[in-house]
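Structure, as structure tokens:
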Amino acid sequence: MDSAGRKIICFLQTAQGLIAFTLIALGVAATKFNASARVIHPLIRSQIYRAGLRLLPMISFLACALGLMIIGQMVALLTRVGAQNLAGTVMVTVVVRELGPLAAALVVLARVGAANVIELGTARALGEVEALEALCIDPVHYLVIPRMVGLALAIFSLTVYFIIITLISGYVFAFVQDVPLLPGDYFKQLAMALAWEDFVLLGLKTCSFGMVIALVTCYQGLAQPLRLEQVSGATTRAVVQSVVACVLLDVPFLVVYLAM
């Protein structure tokens with residue numbers, strides 16, 4: 001009981017801190033986004049390059065692998081049981097709605113999110129954040145907002161790229177297996193299975209994943225005093241909390257998809 005109580009209290013304290021940090025960051029973003037544009041906008045572009053363009057080779061490999069192993073086999077199986085007319089619906093449900101956004105978010109979290117915690121935690125441990133405050137520079141505006149915007153846009157772009165490569169590589173694998181499904185019929189099924197709500201929800205979901213990952217990692221790196229030896233523990237907590245937050249955030253979107 002004592003151990004369970006400590007875990008519950010720790011969870012509530014973390015949730016309270018994350019909510020407060022999120023409200024502060026959103027308030028700063030709303031009031032100071034256009035302030036110091038010559039400084040903040042290059043930082044945003046740098047984050048987009050870091051979390052987007054630099055991850056294109058990894059995303060390409062992952063998309064091809066998943067397309068070959070999962071999507072291609074699924075199309076072949078649907079054809080064998082005479083349900084090839086459902087290929088477009090299955091592809092949209094699996095790839096566009098769920099697999100694409102989560103895969104892109106996890107890749108960005110592993111490569112960029114963990115690095116954010118290390119960078120910010122080290123800066124906090126060495127007193128660099130206090131130095132920014134002494135120079136009248138808002139650390140949230142300078143360190144958090146560029147990461148929020150950059151990761152949101154990067155995950156959205158990577159998700160679109162991932163979906164396109166996965167769908168194409170999946171059909172190539174099915175074509176190699178002599179599946180009797182013409183390219184025109186395949187992409188026609190995809191187009192018929194997609195609705196305008198899918199595009200809106202895809203943008204909202206991917207941008208939300210990016211903002212959540214940025215907020216959780218920045219919170220673990222900035223919101224509390226750290227020593228250098230505590231940075232690794234903060235990184236582990238940030239990764240775990242980001243994964244849990246993304247999964248919980250996916251639940252409302254899943255409910256909306258089921259209601260469509």
Side-chain angles (χ1 to χ4, degrees), residues 51-52 55-111 151-210 212-213 242-260:
L55 297 183
L56 283 180
M58 179 178 293
I59 287 292
S60 300
F61 173 77
L62 184 61
C64 291
L66 291 177
L68 294 176
M69 293 186 297
I70 299 176
I71 309 306
Q73 295 184 30
M74 189 178 299
V75 172
L77 179 62
L78 290 174
T79 304
R80 290 174 186 172
V81 298
Q84 60 269 23
N85 293 332
L86 299 177
T89 303
V90 174
M91 296 303 102
V92 170
T93 303
V94 174
V95 180
V96 178
R97 294 181 177 179
E98 297 299 334
L99 184 61
L102 281 176
L106 292 178
V107 170
V108 171
L109 173 62
R111 288 294 301 271
L151 264 65
L153 296 177
I155 291 180
F156 171 74
S157 303
L158 288 177
T159 301
V160 174
Y161 180 79
F162 178 90
I163 290 172
I164 294 173
I165 299 300
T166 302
L167 294 177
I168 294 176
S169 63
Y171 179 78
V172 170
F173 181 74
F175 179 79
V176 172
Q177 288 185 322
D178 294 330
V179 174
L181 183 63
L182 297 176
D185 296 335
Y186 176 72
F187 291 105
K188 183 179 179 180
Q189 290 182 22
L190 291 175
M192 293 179 62
L194 286 170
W196 67 269
E197 293 92 345
D198 289 310
F199 298 97
V200 175
L201 293 174
L202 179 66
L204 291 176
K205 179 188 285 191
T206 53
C207 291
S208 299
F209 284 170
V212 164
I213 292 173
S242 296
V243 172
V244 173
C246 288
V247 173
L248 293 178
L249 186 61
D250 189 52
V251 174
F253 289 97
L254 179 60
V255 174
V256 175
Y257 285 135
L258 294 175
M260 289 173 54

Check [X] against [Y] and note the closest heavy-atom contact, atom names and distance.
| X | Y | answer |
| --- | --- | --- |
| L202 | Y257 | N-OH, 4.3 Å |
| A63 | S169 | O-OG, 3.5 Å |
| I165 | S60 | CG2-O, 4.2 Å |
| L158 | V108 | CD1-CG2, 3.7 Å |
| I155 | T159 | O-OG1, 2.6 Å |
| C246 | F209 | O-CE2, 3.4 Å |

Open item on the list: A quick test of your reading: do over 12 heavy atoms of other residues, nucleotides or ligands sit less than 6.0 Å from CZ of F187?
Closed with: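 Atom CZ in F187 is crowded, with more than 12 foreign heavy atoms closer than 6.0 Å.
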Distance from [X] atom [atom1] to [Y] atom [atom2], nearest 0.5 Å?
| X | Y | atom1 | atom2 | result |
| --- | --- | --- | --- | --- |
| K205 | L249 | NZ | CG | 8.5 Å |
| Y161 | T166 | OH | OG1 | 10.0 Å |
| L66 | L62 | CG | CG | 4.5 Å |
| F162 | C64 | CZ | SG | 9.5 Å |

Name the atoms and distances for all side-chain donor-acceptor pairs under 3.5 Å in residues 99-106, with sequence neighbours left out.
none

TODO: Answer yes or no: is there an ion pair linking E197 with R97, defined by an N-O contact shorter than 4.0 Å?
DONE: no
